[in-house]
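Residue numbers count from 1 along this sequence. Not measured: the values here are computed from a predicted model.
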Amino acid sequence: MIIVVVDNSSVEEIFEIYRDVFVPAYADLVGYIGNKPVQITNELDNTLAHVSHIYNPDYPDEKRLENLQKAKNHLTRATLDSYKLLWVEMKKELDLVSDDRDLEFFINVPEHVFIKEFEDFKTKAQDARNIEMRSVGNSPFDAVEAYKETIRIGKRLLGYIDTNKACNIQKFRTGYWLKENALTILLSFLAGYAANYFWNLFN
């Protein structure tokens, strides 16, 4: 039987981080984008590799402790990256909405409320990034909490969007564009048909 100098509570901490910190972040990301980013799975592979070395009988005690810390680092990185990737995807969607001239017609809150919270969403992300940079090698979970707050704001903003109203506005725009450009479309079609007809007639 392998005897590990790393006490069980220290190893269990890795699994607590996995269950309580990483999984919620990763689940939100995968649920939102519909796939599993390679950079996250790579971090998980690295985490598992280091966990396995904690129990490697050929490793001295010092190496096992080193692998314990590396496992935590990779798992923390996977968590931070999950939140950052999710923020980027949320911002893409929110950018489209906030730039729309008809914004006020398909959100369920006053426009100024949406705009203010969207600014908070971007500011909080920058704050989280600053915390992350300051906490390198120190207390990375402060950054995790900061990113979590940013994502909470993003979810709230997305909840303000009335998708039915947005679809109706898009349908109206499409119909309006077709109506406004119907003559141009018809003339283009007739010109193409006539050109093709005369080409075949004289060749």
Side-chain angles (χ1 to χ4, degrees), residues 2-57 59-95 97 116-161:
I2 301 170
I3 299 175
V4 184
V5 295
V6 181
D7 59 79
N8 289 334
S9 63
S10 296
V11 178
E12 176 59 27
E13 184 183 356
I14 295 174
F15 298 118
E16 287 178 2
I17 293 170
Y18 177 84
R19 292 189 303 268
D20 301 336
V21 182
F22 169 73
V23 168
Y26 191 50
D28 277 351
L29 173 64
V30 173
Y32 193 82
I33 67 175
N35 62 50
K36 298 178 179 181
V38 173
Q39 69 189 79
I40 307 299
T41 56
N42 285 342
E43 293 293 348
L44 290 178
D45 287 345
N46 290 330
T47 300
L48 182 58
H50 287 298
V51 168
S52 73
H53 287 313
I54 295 171
Y55 295 95
N56 189 331
Y59 272 29
D61 295 347
E62 183 180 311
K63 273 288 187 182
R64 294 180 186 182
L65 288 169
E66 184 180 313
N67 276 280
L68 173 69
Q69 188 56 51
K70 286 182 177 180
K72 289 181 184 178
N73 291 344
H74 282 294
L75 197 50
T76 303
R77 173 50 49 199
T79 305
L80 289 170
D81 285 352
S82 292
Y83 280 128
K84 288 192 283 188
L85 287 171
L86 179 55
W87 183 87
V88 168
E89 293 303 318
M90 284 182 167
K91 185 175 181 295
K92 287 179 184 177
E93 184 169 348
L94 292 168
D95 276 337
V97 173
K116 181 182 181 304
E117 291 199 23
F118 187 40
E119 289 304 312
D120 287 344
F121 174 72
K122 292 182 282 188
T123 301
K124 291 284 187 183
Q126 186 60 53
D127 291 344
R129 177 60 178 162
N130 290 336
I131 293 171
E132 180 185 357
M133 296 302 293
R134 291 198 306 269
S135 62
V136 172
N138 186 17
S139 53
F141 292 106
D142 290 343
V144 169
E145 288 302 315
Y147 279 115
K148 282 172 66 175
E149 175 58 26
T150 302
I151 296 305
R152 278 193 286 269
I153 296 172
K155 288 180 178 180
R156 190 163 64 242
L157 282 164
L158 291 168
Y160 293 154
I161 301 170

>> Just to verify, what does Asn42 make a side chain to side chain donor-acceptor pair (under 3.5 Å) with, not counting sequence neighbours?
In response: none
> Salt bridge between Asp28 and Lys155, side-chain N to carboxylate O under 4.0 Å?
Replying inline: yes
> If you take all heavy atoms of Asp95 and Phe118, which pair is closest and at what distance?
Replying inline: OD1-CZ, 3.2 Å
> Any side-chain heavy atom of Lys122 within less than 4.5 Å of one from Glu119?
Replying inline: yes
> Any side-chain heavy atom of Ile14 within less than 4.5 Å of one from His50?
Replying inline: no
Would you list the atom pairs, donor with acceptor, under 3.5 Å between side chains in residues 82-90 and any protein atom, with sequence neighbours excluded?
unit_1	atom_1	unit_2	atom_2	d
Ser82	OG	Ala78	O	2.8
Lys84	NZ	Glu132	OE1	3.3
Lys84	NZ	Glu132	OE2	3.1
Trp87	NE1	Phe121	O	3.4
Glu89	OE2	Lys92	NZ	3.3

Show me the donor-acceptor pairs within less than 3.5 Å that the side chains of residues 18-26 make with the rest of the protein, sequence neighbours left out.
unit_1	atom_1	unit_2	atom_2	d
Arg19	NH1	Glu12	OE2	3.4
Arg19	NH2	Glu12	OE2	2.8

> Any idea which heavy atoms bring Leu29 and Ile40 closest together, and the distance?
Replying inline: CD2-CG1, 4.3 Å
>> Tell me the closest heavy-atom pair linking Leu75 and Thr47, and the distance in Å.
In response: N-OG1, 3.4 Å
> Are the side chains of Phe141 and Ile17 in touch, meaning some heavy atoms are under 4.5 Å apart?
Replying inline: yes
> Looking at Ala146 and Ile131, what are the two nearest heavy atoms and their distance?
Replying inline: CB-CD1, 3.8 Å
> Do Gln39 and Glu43 come within less than 4.5 Å of each other through their side chains, counting heavy atoms only?
Replying inline: no
> Is the backbone N or O of Asn56 less than 3.5 Å from a side-chain atom of Arg64, with the two atoms forming a donor-acceptor pair by type?
Replying inline: yes
>> I need the minimum non-hydrogen distance between Ala143 and Ala128, along with the two atoms involved.
In response: CB-O, 4.2 Å
